[in-house]
A.B. asks: 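Handing you this structure, nothing more for now.
Residue numbers begin at 1 in each chain, while the letters A, B, ... track the order of the sequences. Please read all numbers here as calculations on a predicted model, not as lab measurements.
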Amino acid sequence: MPGDVHEHLVEAIYADAARIADRAVSRPGHQARPTLDRALDHVLTSRIWGFPIMLLLFALMFWLTIIGSNVPSGWIADLLVGKFWPLLRQAASGLPWWLSGLLVDGMYLSTAWVISVMLPPMAIFFPMFTLLEDFGYLPRVAFNLDRAFKKVGAHGKQSMSLMMGFGCNAAGVVAARIIDSPRERLIAIITNNFSLCNGRWPTQILIATLFIGSLVPAHWAGLVSAGAVTAVALLGIGFTLAVSWGLSRTVLRGEVSAFSLELPPYRPPRFWQTLYTSLIDRTVFVLWRAVVFAVPAGAAIWLSANLHVNGVTLAQFLMQYMDPVGVVLGLNGVILLAYIVAIPANEIVIPTVLMLTVLVTGNQGVGEGAGVMFELDSPEATKNLLQAGGWTLLTAVNLMLFSLLHNPCSTTIYTIYKETGSVKWTTVAALLPLVLGFAVTFGVATVWRFLG
Amino acid sequence: MISLPFIVSLLIIAVLLFWPDVGVVARWREARRRALRVRREDALKHVLKCEVNGQVPTLNSVAGALHIRDGKAAELLADMEAHGLVTLGEGRLRLRQPGRELALHVVRAHRLWESYLAEQTGVAEAKWHHLAERKEHQLSPEDTIALAARLGNPLQDPHGDTIPAEGADLPADIGQPLNAAPLDTPVLISHIEDEPEAVYKQIQALGLRPGVKACIFSKENGCIRFWADGREHVLTPILANNLTYVPLPGTTPEDLFDEEFLSELQAGERARMLGLSTACRGAERRRLLDLGFVPGTMIEVDLVSPAGDPTAYRVRGTVIALRREQARLIRIGNRETIPMETAAR
């Protein structure tokens, strides 16, 4: 008999504990769980309502995040970009142009963008998520979804790290710690990038609104573009399951580990405490890492737009090389270069794309000069600029796909390395989505051109 | 005239080749030495197993067990005799005392390492044997003592083989192949042969483990049908040959057929837990015990996932979800319907 001694010990301890408890604890009424708990559980995990409630709840959470972060994002951008930036420029006017450009237009501005775009959604999403966690709902989600994850050879708790990834992939990768088995944890870490993180939601929403919502009459536009974004997010979940399946049948083959999940009783969440800890533990932590990576990225972007090679800027030089590849993929050189400079933070993709497009088209009268990130006031102006840069519906669709399927940001890559301690798996996690992205965009572009 | 670069490169090559310990030549010799040691120890193991099981080891059987040519086996045995490990006197291959001790150590190290892999790592079951085959040559006697202590001095490895105690002899394998088991008589599966790997994997996938009680009810059409762990299993005789049984006196077939498992419990029912199947072991077993799945506990079905699996069970006031595979490992009895007024409250 395996584990003999241990077993007898545990049995004896339980027998003792039960005897003591029977003597000392009285259970008025019955030991059954409170009726409200049971009723709630029967609805939340019911055959009919379980999945729809789950979808609605998370859709609501994303919607609140997207809607709620618009205004504070604007405020922060106003403050950091509208007020401080001119002041800093003035203060740095004594410095040589290249130094003030590098410091203020490059490093400061990219950091300001990252903070203004990332902070509000994180400050809204993480506390909401933590409240749900505190309430005890997340274990029920894992309970509902376990079957699907079991089928693909992954752990039921992967659904939790997946949802965490919708907020931020770095946080999702850290959340994979709840999975004990190293094999299944690796699967969860590698596939976390397929959860559309909040750095990518703005890109999705903007492109869907500009190019897909405009295909239908105005009163349908909102619904259609929201549907397009949701479709991309669901496609991400599809990729999570498919890639988990592929991994667990090839390089990460192994037994499905034992699954036991405690479903704790529901508790009223401790609101203020939750708010505080989620702000400190998650938001500030993730934001700090993003800022650390945004500073050098800002410098790189500014330099690439101001250093000249053979008479053209480095950025243009690089884009010339990437354009043929980009076109084959149904994208363009601007987007590819933007994704390279945006490795530190996906948030800066759109500002970088706009800046580079201005550089390429030579469009005058917008932006603040070479290498300076900006966002345009109106969506129409943005769309006009992009169309001047040669954008079509195919570019937009493929950008949305590529935004879902590309390498994780450097913060996430670094976190993956920290969590796995392995260069090999970090490389796999970084390159696998990129290869998939190339394959999918290439496929879509080829079919599109064949049909059109 | 020989140029300077030529001499320098010659020197570098010479250094790469002949540097002590890390040079190519040194490494090659070390690898050869290790390979010889592995072959020697494998041969000793083979001879030991033959001796305790009453078989006669021969040069051919050594060559077969090690997958080497007869000539090479002869060379190996001659070398081992020269080192005082075996004797070929009187035309019979026999172990000498140093050889016996070394062979016992290797067997012990192998089985302990398999136990370690089973109990304390997440390594896939099919890989245990292969990994232990390598590790057995690397562990020193001190290592094995430390390993045994860490595992709580287990008596059996995960395949049901006895782990010889330090300094003790290896007992003969007990039991007979399952093919030979009588019909309609409960038996205990005592051992599962882990070679060849493909066969072992199939047996393992069926959830058959040493310690499982089985009862064969038909041997027809080249199929052996038997009942074990609350389910019917079908094996071909080739597969069944890798299972070994010992008789199980005092148990009737009805006892086995009447066994019930937690996976059969329906919503609105409760039952008393009787025990964990032996197929459940290592970290999984400890986890279930720690969660309160101990014999005597009342368990009731609380919720069923919308997809039908997993199921959440109420155990000692907490709710714990288990997949069907886990629930199948928990034996229950006294199954009953929960009275309505209790359920409603």
Side-chain angles (χ1 to χ4, degrees), chain A residues 1-15 17-18 21 27 29-35 37-38 41-42 44-52 54 139-140 142-148 150-151 156 180-184 253-265, chain B residues 115 118-119 121-127 152 154-156 158 204-205 209-211 275-276 278 280-297 302-312 314 316-326 329 341-345:
Chain A
M1 289 280 276
D4 250 341
V5 182
H6 181 90
E7 219 153 291
H8 292 315
L9 267 176
V10 174
E11 269 172 49
I13 290 169
Y14 267 107
R27 298 186 180 86
H30 201 268
Q31 62 191 58
R33 289 196 295 154
T35 327
D37 254 34
R38 294 205 109 167
D41 255 349
H42 277 286
L44 291 180
T45 65
S46 92
R47 218 163 244 276
I48 304 162
W49 297 110
F51 290 118
M54 213 164 68
R140 270 81 183 173
F143 180 66
N144 285 348
L145 289 177
D146 179 61
R147 185 80 188 273
K150 181 175 128 190
K151 278 228 164 113
D180 304 321
S181 137
R183 181 187 80 87
E184 285 153 356
R253 213 171 319 149
E255 284 173 86
V256 173
S257 80
F259 171 81
S260 56
L261 176 79
E262 200 187 331
L263 300 177
Chain B
S115 308
E119 294 289 322
T121 68
V123 174
E125 191 165 343
K127 286 187 187 153
L155 301 175
Q156 287 192 332
Q204 173 224 324
R209 304 272 157 77
L276 283 172
T278 31
C280 169
R281 62 192 175 200
E284 183 181 358
R285 190 180 188 91
R286 282 192 293 276
R287 177 96 181 114
L288 285 176
L289 286 169
D290 293 346
L291 286 171
F293 286 93
V294 284
T297 308
D302 198 62
L303 294 167
V304 180
S305 166
D309 186 37
T311 303
R314 198 141 77 79
R316 294 180 184 272
T318 57
V319 179
I320 288 156
L322 298 178
R323 283 178 177 172
R324 192 165 291 137
E325 284 72 24
Q326 265 91 50
L329 301 173
E341 76 273 23
T342 324
R345 225 183 294 175

A.B. asks: Under the criterion side-chain contact (heavy atoms from CB on, under 4.5 Å), which of B:L289, B:T297, B:V294, B:D290 is the partner of A:Y14?
C.D. replies: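 The residue from B:L289, B:T297, B:V294, B:D290 that satisfies side-chain contact (heavy atoms from CB on, under 4.5 Å) with A:Y14 turns out to be B:V294.
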A.B. asks: Chain A: which of B:L155, B:T311, B:D309 shares the most heavy-atom pairs with it under 4.5 Å?
C.D. replies: B:D309
A.B. asks: Taking all heavy atoms of A:R47 and all of B:G308, pick out the closest pair and write down the distance.
C.D. replies: NH2-CA, 3.9 Å
A.B. asks: Hey, what do you get for CG (A:L261) to CZ (B:R323), rounding to the nearest 0.5 Å?
C.D. replies: 10.0 Å
A.B. asks: Can you name the residues that form a side chain to side chain donor-acceptor pair (under 3.5 Å) with A:R147, not counting sequence neighbours?
C.D. replies: none
A.B. asks: What part of A:S46 gets closer than 4.5 Å to chain B, counting heavy atoms only: side chain, backbone, both or neither?
C.D. replies: backbone
A.B. asks: Indicate the atoms forming the closest heavy-atom contact of A:S260 with B:I320, along with that distance.
C.D. replies: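 So the two residues come closest at CB-CG2, 4.5 Å.
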A.B. asks: Taking all atoms of both residues into account, what is the closest heavy-atom pair of B:D302 and A:R38, and its distance?
C.D. replies: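 Nearest heavy atoms, B:D302 then A:R38: OD1-NH2, 2.6 Å.
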A.B. asks: Which bit of B:P310 comes within less than 4.5 Å of chain A, counting heavy atoms only: side chain, backbone, both or neither?
C.D. replies: both
